[in-house]
Novice: 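Attaching a single structure in structure tokens format; questions to follow.
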Amino acid sequence: MTSPTEPASARDDTGGLRTGATTYEHLRTEAVRLRRAGLSRRRIRDELGVRNNDLLNRLLTGEPPPEWTRRPRAKDELRARARRLRAQGWTYDRIQLELGVSKSSISLWVRDLPRPAPSRTPSEQAHLASRKRWEFESARREEERRRTTREATAEIGELTDRELFLVGVGLYWAEGSKSKPYARREKVTFVNSDPEMIRLYLSWLHLLGVPREHLRFCVMIHESADVAAAEDYWAELVGADRSAFHKTSLKKHNPKTVRRNTAEGYRGCLVIKVLQGADLYRRIEGWWWGIVWGARGAEKANRT
């Protein structure tokens, strides 16, 4: 800007610096005043008579542009929110989850703000880090377990009748009732809570030719569970009429016992009895010992 007493001939492309009509300090003061008044760079250049851009840049060094010259950006609101959250004590991780932006952007936006005080003690932080590592390791082990299970399942394929027969004998001798020398009870009774075990056992009985009308069922369950739902579930699973079910056996609830089987899928156990099964029981016992002695013979053969 030219003073009222300054002749127009004194103005040049440096605002009068070259002719000595003004000083750099005077131009700097005027440039800052005009910038803070909201003038654009072009207006300041015209007002001061400065045509040299390098000089104009030096005169305006450190002065931010007026708010009206800034172009609105989508990240401006995110930056403002990030600063508000950081001021409230949020960590970078929490801000990243909340806003969906990178940590590098968050750091650029809020690094001038004071760091929030740690919300956890060193011991708590170490425990949290350990838990996160275990969660990662647990997920990895679970995936490995599932992969191994899938591969092992594919190795079996469809069972032959003889294979199903041998599996059924072993299944019964592990889970079924057995007669003792001091208490002869030659009854074929099988109890289990696993639906797939029940299906396999019924397939085995069918292979043996046991008529369905010779089967009787009974549900055993805690009295605090949904008894009616359990009865309906097992009846549908085995495909039997409710007339084939004996009265449900209820286990009294003991408040002192800490039970784990309280989830929604808890349906108790199903008891399957074969009527007039004494002869079948004796044959099962014989088949089992046949498997035992057969395995011993195979072991001796393998050793030689």
Side-chain angles (χ1 to χ4, degrees), residues 1-137 139-140 143:
M1 177 183 297
T2 306
S3 63
T5 60
E6 182 183 350
S9 60
R11 301 177 63 184
D12 56 21
D13 64 344
T14 63
L17 286 178
R18 185 177 299 169
T19 63
T22 188
T23 64
Y24 177 82
E25 288 74 15
H26 175 72
L27 283 178
R28 163 73 176 169
T29 300
E30 287 298 306
V32 171
R33 181 181 66 81
L34 295 173
R35 192 57 160 172
R36 293 178 179 176
L39 271 67
S40 66
R41 293 174 63 89
R42 175 172 293 183
R43 287 283 307 281
I44 296 173
R45 184 186 64 184
D46 294 342
E47 287 286 334
L48 299 181
V50 175
R51 299 293 183 270
N52 187 308
N53 287 330
D54 289 339
L55 175 60
L56 184 62
N57 289 338
R58 283 188 287 128
L59 293 174
L60 295 175
T61 298
E63 286 300 312
E67 190 66 27
W68 66 266
T69 64
R70 296 183 59 191
R71 295 181 180 178
R73 297 187 302 171
K75 286 193 174 182
D76 286 349
E77 176 59 25
L78 289 176
R79 178 180 180 276
R81 289 181 61 192
R83 292 183 65 84
R84 288 196 298 269
L85 295 176
R86 185 63 168 177
Q88 296 172 14
W90 285 39
T91 63
Y92 282 14
D93 288 336
R94 288 188 65 191
I95 297 174
Q96 183 182 32
L97 290 175
E98 178 71 17
L99 303 183
V101 296
S102 66
K103 285 187 180 180
S104 60
S105 296
I106 297 171
S107 175
L108 183 65
W109 294 339
V110 306
R111 59 189 176 188
D112 61 311
L113 298 178
R115 187 170 183 172
S119 58
R120 302 182 183 90
T121 65
S123 177
E124 291 172 337
Q125 189 65 33
H127 177 73
L128 179 62
S130 176
R131 188 178 68 181
K132 287 185 176 180
R133 285 194 299 271
W134 172 245
E135 288 175 353
F136 173 80
E137 179 64 17
R140 186 191 66 79
E143 176 56 32

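Below, all heavy atoms of this structure are taken into account, side chains as well, without hydrogens, waters or symmetry copies. If you're wondering where the values come from, they're calculated on a predicted model, not measured in any experiment.
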Novice: Give a yes or no on this: more than 12 heavy atoms of other residues, nucleotides or ligands lie within 6.0 Å of atom CZ of Arg140.
Specialist: yes

Novice: Report yes if the side chains of Arg33 and Thr29 come closer than 4.5 Å at any heavy-atom pair, otherwise no.
Specialist: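 Contact flag for Arg33/Thr29 side chains = no.
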
Novice: Will you find, in the side chains of Ser104 and Ser107, an N or O donor that is under 3.5 Å from an N or O acceptor?
Specialist: no

Novice: Please assess Arg83 against Asp112 for the test side-chain contact (heavy atoms from CB on, under 4.5 Å), listing each intermediate value before the final yes or no.
Specialist: CA-CA 10 Å; Arg83 292 183 65 84; Asp112 61 311; 2.9 Å; yes

Novice: So do the side chains of Tyr92 and Arg86 get within less than 4.5 Å of each other, counting heavy atoms only?
Specialist: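 Yes. Closest side-chain heavy atoms under 4.5 Å.
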
Novice: To the nearest 0.5 Å, how far apart are CD in Glu137 and OG in Ser130?
Specialist: 11.5 Å

Novice: Going from CG on Asn52 to CZ on Arg58, what distance comes out if it is rounded to the nearest 0.5 angstrom?
Specialist: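 Asn52 atom CG to Arg58 atom CZ measures 7.5 Å (nearest 0.5 Å).
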
Novice: Do you know the tightest heavy-atom contact between Gly62 and Pro64?
Specialist: O-CD, 3.5 Å

Novice: Evaluate the side-chain proximity of Leu34 to Arg43: yes if any heavy-atom separation is below 4.5 Å, no if none is.
Specialist: no

Novice: Any chance the side chains of Arg41 and Asn57 put a donor and an acceptor closer than 3.5 Å?
Specialist: yes

Novice: Is any side-chain N of the basic residue among Arg84 and Glu77 closer than 4.0 Å to the acidic one's carboxylate O?
Specialist: yes

Novice: First locate atom CG of Leu85, then atom CG of Leu113, and finally report the distance between them rounded to the nearest 0.5 Å.
Specialist: 11.0 Å

Novice: Can you find a heavy atom in the side chain of Arg45 that is under 4.5 Å from one in the side chain of Leu55?
Specialist: no

Novice: Under a 4.5 Å cut-off applied to non-hydrogen side-chain atoms, are Asp76 and Arg81 in contact?
Specialist: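 No - every pair of side-chain heavy atoms lies 4.5 Å or more apart.
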
Novice: Roughly how far, to the nearest 0.5 Å, is CG of Asp54 from CG of Leu59?
Specialist: 11.0 Å

Novice: Quick check against the 3.5 Å criterion: does Arg35 have a side-chain atom that pairs as donor or acceptor with the backbone of Leu60?
Specialist: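 Not a single qualifying donor-acceptor pair exists.
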
Novice: Extract all donor-acceptor atom pairs below 3.5 Å that involve side chains of residues 93-100 and protein atoms in other chains or at least two apart in sequence.
Specialist:
residue, atom, partner, partner atom, Å
Asp93, OD1, Lys103, NZ, 2.5

Novice: Would Asp46 and Arg51 count as a side-chain contact (heavy atoms from CB on, under 4.5 Å) if you check the C-alpha gap in whole Å, the side-chain angles of each, and the deciding distance to 0.1 Å?
Specialist: CA-CA 8 Å; Asp46 294 342; Arg51 299 293 183 270; 4.1 Å; yes

